[in-house]
Number of protein chains: 2
Amino acid sequence: MSQRKGTAMVDEQPLPPLVARMWGREPPTRRGPQPSLNLERITAAAIAVADAEGLSGVSMSNVAARLGVAPMSLYRYVGSKDELLAVMVESAFENPPRLDGRSWRDYLTVWTRANRDALLARPWMLPIAHLAPPIGPRSLRWLDRALAALAHTPLTEGEKVNAATTLSGYAFFQANLISGLSVGANQRERARLTSVQEYGTTLAELLDSADYPALAHAVDSGVFSASQDWVEDADFLFGLNLLLDGIAALIARRSVDDEQPNETSPRSDAP
Amino acid sequence: MSQRKGTAMVDEQPLPPLVARMWGREPPTRRGPQPSLNLERITAAAIAVADAEGLSGVSMSNVAARLGVAPMSLYRYVGSKDELLAVMVESAFENPPRLDGRSWRDYLTVWTRANRDALLARPWMLPIAHLAPPIGPRSLRWLDRALAALAHTPLTEGEKVNAATTLSGYAFFQANLISGLSVGANQRERARLTSVQEYGTTLAELLDSADYPALAHAVDSGVFSASQDWVEDADFLFGLNLLLDGIAALIARRSVDDEQPNETSPRSDAP
DNA sequence: TTCATACAGTATAGAACATACACTAATATA
DNA sequence: TATATTAGTGTATGTTCTATACTGTATGAA
């Protein structure tokens, strides 16, 4: 099944054209004029537009204009606007943080926060990051580093992949949460609830405590009254540590019944 | 701060018009013709269109047509198309599962899976569910039930809310993952990697094991070669149990040092 | 009973957009 | 040199959201 080993292969599958271009695997040009464009320049221009004008500013015309080129040129390199958006997300990420001999737990904390921060730095990615399995060079490097951090744990490869994937989903989720307490839409008529407090008072106004007993109780207890340090984000660490604690527990379990990888080990079920 | 207590209030804030309409808090009509529309019918029509033709079929014209009405009518009830999309997501959810005396852990398992399944049943929600804090009656009921499941644990209200929110984010994440191994776009030029195997072989083809040592090792070990029971989803339970184990650990910690809620309790940090 | 006012839905039109298709010009191979 | 192949262009079409001005209707006040 998994025939691999690196660099040179027998040339296997068609490989979707976009993926090929993302990896620089294009057949060298044979005839015709010298290309003045390439996927990289196009992507960079599109990202620049998104950074400057937001996602709604990203139109084929706009991107083309920034390159001094006719809109239709872009379609030589990108099958559709949606493809362009996908590549933008892929290449808007920096490289992942370095491992530097940190413990798996420390590194994954850094990794997840960096992941979240990358999304927050370019919030236009949030609506278009489709959380598909990573396929580009950058996102795969992120995955690789997370796996590397877990390399010397007794987890199976599958468990490592699952753990990394889950953490990346958590980063995405947190970025969304922070990015906007917006209820309506993307930018225009954004019925924005600008603060946690405002969210709390709105809830208080709406909730009938008969229909929402537990939630009303939570609101009463002041959960949504602006805890002091939203800045140094306790909420982010809370969920992250849930996950890391879960991973730690799994590692501990694996370390005990080491020889017999039992698929359904006992789990605590405290009240 | 949190002035509340249910039903009758002193009438507080403007309350965003869309939110008001979602909760049926509109001033009763005084003059003019009888309305033939309302937000509910519009939303239902829009959902029907989305179910039938996918998200791209949802245009104002299309929705209006299904109601036998001119497109511009909708703007009496919805400030923009994006608002309509937001309301669609809100009201496409069923009510949450019943608690029925289950343990917090059992219930949250059911709850999270139901949440995921609701998203998978109407995958058009995935690109437009913005993971904002819930504000509609349905999504708040979901939150309420999760809090109820945790009611008799020693967690603080804030921790309960965080836990519920994180689980809901996990459900969303998993739904995205399952919904499509698509790399390109939404429907047209979808350079779809149709299976886990295909994903695996594509990775094998692309990866240089020098640049991606840990990931290449994972691929070599056959992680992406279609584990037997993707159907009865072990992957979903994996990440879910990470979270639930983390919650269990937190509960255990809280139960021990009960009197002194110490913000930074010790955590395990196994190698 | 009359009339002004407020409101529901409509008609029209405009601007922006993605993209299909046919084309021109440039380059490398035969 | 002739020919095939390719990069980028111009034009055009259909769709989309939505601003604005409008028509008719029901109500409350005079």
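First the proteins, then the strands, lettered A, B, ... as listed; each starts at 1. Since this is a predicted model, take the numbers as computed values, not measurements.
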- Examine D/dG8: is either OP1 or OP2 under 4.0 Å from a nitrogen or oxygen in the side chain of A/Ser36? Give yes or no. yes
Nearest whole angstrom, please: distance from the [atom2] of [N] to the [atom1] of [X].
| X | N | atom1 | atom2 | result |
| --- | --- | --- | --- | --- |
| A/Arg41 | D/dA7 | CZ | C1' | 13 Å |
| B/Glu83 | D/dC17 | CD | P | 14 Å |
| A/Asn38 | D/dA7 | CG | P | 12 Å |
| A/Asp82 | C/dA18 | CG | P | 10 Å |
| B/Met60 | C/dA16 | CE | C1' | 17 Å |
| A/Lys81 | C/dA20 | NZ | C1' | 18 Å |
| A/Leu84 | C/dC17 | CG | C1' | 14 Å |

- For DNA chain D, the residues among residues 65-75 of chain B that have a non-hydrogen atom under 4.0 Å from it: B/Met72, B/Tyr75
- Message: The criterion is ring pair (Phe, Tyr, Trp, His ring centres under 6.0 Å); which residues satisfy it with B/Phe93, sequence neighbours excluded?
- Response: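 Result, ring pair (Phe, Tyr, Trp, His ring centres under 6.0 Å) vs B/Phe93: B/Trp142.
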- Message: Run the ring pair (Phe, Tyr, Trp, His ring centres under 6.0 Å) test against B/Phe172 and tell me which residues pass, sequence neighbours left out.
- Response: none
side-chain hydrogen bond (donor to acceptor under 3.5 Å, both in side chains) against [X], all qualifying residues, sequence neighbours excluded:
| X | value |
| --- | --- |
| A/Asn162 | B/Asp235 |
| A/Arg21 | none |
| A/Asp51 | A/Arg122, A/Trp124 |
| B/Arg145 | none |

- For A/Ile135, does its backbone N or O pair with a side-chain atom of A/Glu90 as donor and acceptor, under 3.5 Å?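 Looks like no, no N/O pair under 3.5 Å.
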- Query: In terms of ring plane angle, is the pair A/Phe224 and A/Tyr199 parallel, tilted or perpendicular, where the classes change at 30° and 60°?
  - Reply: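 A/Phe224 and A/Tyr199: perpendicular rings.
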- Query: With the sugar-phosphate defined as primed atoms, P, OP1 and OP2, and the base as all remaining atoms, what B/S/- string results for nucleotides 22-30 of chain C, 5' to 3', for protein heavy atoms under 4.0 Å?
  - Reply: ----BBBS-
- Can you sort out the partners of B/Ala218 under side-chain contact (heavy atoms from CB on, under 4.5 Å), two or more places apart, ordered by chain and number? A/Leu147, A/Glu157, A/Val161, B/Val223
